[in-house]
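Remarks on the structure that follows.
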Amino acid sequence: MKYNTNAKRLALPEYGRNIQNMVDYCLTIENRDERNRCANAIISIMGNLFPHLRDVNDFKHILWDHLAIMADFKLDVDYPYEIIKKENVHQHPPRVPYGETEMIYRHYGQTLERLINKAAQMEDRDEKEMLVYLIANQMKKSFLIWNKDSVDNQKILKDLAELSEMRIVRNVETFRLAESAELIDTPPRNSNNNKKNKKNHSRKG
């Protein structure tokens, strides 16, 4: 009995040992026409293994690339596409650079800073005030996430003025923000005790 643990390592395990055996057999065929027919038959079987990917762009091209990889690029057939080069198989994608935008207060986030800049440029007074109110409350919520203690509304409005480069300045006496409890969802305390009390009350009734 042959065990897979003793067999050679699969280049693409997702296709399984049987497909790899077919590819290995195809490599031994001397007649080119027969070898081409065998390769096309293998491609059809490979495609049937992943029918849900048939709508993917270049699906057939990908299959032929995989066939070449499983044959270690030694299969001499008439490829209908320009297959991937061996040296590019394990090539790493280019490194994605990190954003270099500096943020004054990271706990507010870059998106909020963009919204502040957008609000500062708005001309419609009512829409601007509504957006400023939403931004300020979101700033307060973000601050509370990082700092569980209560936050002074004056601090939020001061940060808002700084982030808007003094284009949005509001007075804490006239510009009211939502209460901290309204912004942060907190589970009710002693919820289990409340449930027990309700059960006891229902039994007494």
Side-chain angles (χ1 to χ4, degrees), residues 1-119 121 131 134-135 138-139 141-148 159 163 183-187:
M1 180 180 292
K2 293 183 178 180
Y3 294 95
N4 286 341
T5 53
N6 297 327
K8 74 175 184 178
R9 185 178 179 181
L10 296 175
L12 297 174
E14 58 267 34
Y15 289 104
R17 181 68 57 184
N18 288 333
I19 297 294
Q20 184 63 59
N21 290 339
M22 293 178 190
V23 176
D24 293 341
Y25 170 73
C26 191
L27 285 165
T28 66
I29 299 175
E30 296 183 0
N31 183 277
R32 185 178 186 84
D33 290 337
E34 186 178 345
R35 195 165 59 246
N36 278 328
R37 286 193 294 271
C38 181
N40 279 279
I42 293 173
I43 289 294
S44 296
I45 297 171
M46 290 167 61
N48 290 334
L49 291 176
F50 305 100
H52 57 288
L53 297 179
R54 291 187 181 277
D55 295 332
V56 175
N57 291 336
D58 297 330
F59 176 58
K60 273 293 185 69
H61 193 167
I62 294 171
L63 293 179
W64 282 100
D65 281 344
H66 288 177
L67 177 63
I69 293 170
M70 287 189 286
D72 195 24
F73 297 90
K74 298 175 182 177
L75 185 59
D76 183 16
V77 293
D78 298 327
Y79 290 96
Y81 306 95
E82 183 179 354
I83 62 170
I84 188 173
K85 295 181 180 179
K86 187 174 183 177
E87 58 268 22
N88 293 336
V89 172
H90 301 294
Q91 187 176 24
H92 295 291
R95 186 174 182 179
V96 178
Y98 285 101
E100 298 179 354
T101 304
E102 294 184 3
M103 291 187 291
I104 300 175
Y105 300 111
R106 290 187 175 276
H107 52 274
Y108 292 135
Q110 194 175 68
T111 301
L112 203 62
E113 291 189 13
R114 291 174 180 169
L115 281 173
I116 292 172
N117 184 59
K118 179 70 175 177
Q121 299 174 3
L131 182 56
L134 294 174
I135 289 172
Q138 182 59 43
M139 289 173 64
K141 184 175 182 179
S142 298
F143 191 98
L144 287 167
I145 290 174
W146 289 94
N147 183 5
K148 297 300 181 182
D159 292 347
L163 289 171
L183 298 173
I184 300 296
D185 295 327
T186 55

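Remember, predicted model here, so these are calculated numbers, not experimental data.
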Run the side-chain donor-acceptor check on residues 36-49: report pairs under 3.5 Å with partners two or more places apart or on a different chain.
| unit_1 | atom_1 | unit_2 | atom_2 | d |
| --- | --- | --- | --- | --- |
| Asn36 | OD1 | Asp78 | N | 2.9 |
| Asn36 | ND2 | Arg32 | O | 3.4 |
| Asn36 | ND2 | Asp78 | OD2 | 2.9 |
| Asn40 | ND2 | Asn36 | O | 2.8 |
| Ser44 | OG | Asn40 | O | 3.2 |
| Asn48 | OD1 | Arg54 | NH2 | 2.7 |
| Asn48 | ND2 | Ser44 | O | 3.2 |

Mind checking the CG-NZ spacing from Leu131 to Lys118? Nearest 0.5 Å is all I need. 9.5 Å

Just wondering, are more than 12 heavy atoms of other shown residues or ligands nearer than 6.0 Å to CZ in Phe59? yes

Could you tell me the separation between the CG atom of Leu27 and the NZ atom of Lys74, rounded to the nearest 0.5 Å? 8.0 Å

Please round to the nearest 0.5 Å and tell me the distance separating atom CG of Asp65 and atom CZ of Phe73. 7.5 Å

Using side-chain heavy atoms (C-beta onward) and a distance below 4.5 Å, is His107 in contact with Phe143? yes

Quick one: CD on Glu30 to CG on Asp76, what's the gap to the nearest 0.5 Å? 12.5 Å

Beyond-backbone contact of Leu115 with Gln138, side-chain heavy atoms, under 4.5 angstrom: no

Please report the interatomic distance NZ(Lys60) to CG(Leu63), rounded to the nearest 0.5 Å. 7.5 Å

Mind checking ring-ring contact (aromatic ring centres under 6.0 Å, His included) for Tyr79 and listing every partner two or more places apart, or none if nothing turns up? Trp64

Sidechain-backbone polar pair: Glu113 side chain, Tyr108 backbone, donor-acceptor under 3.5 Å: no

Evaluate whether atom CD of Gln121 has more than 12 neighbouring non-hydrogen atoms of other residues, nucleotides or ligands under 6.0 angstrom away. yes

Residue pair Ala11 / Met70: nearest heavy atoms and the distance that separates them: CB-CA, 4.1 Å

Spacing of CG belonging to Leu12 relative to CD belonging to Gln20, to within rounding of 0.5 Å: 8.0 Å

By ring-ring contact (aromatic ring centres under 6.0 Å, His included), which residues pair with His61, not counting sequence neighbours? Tyr81

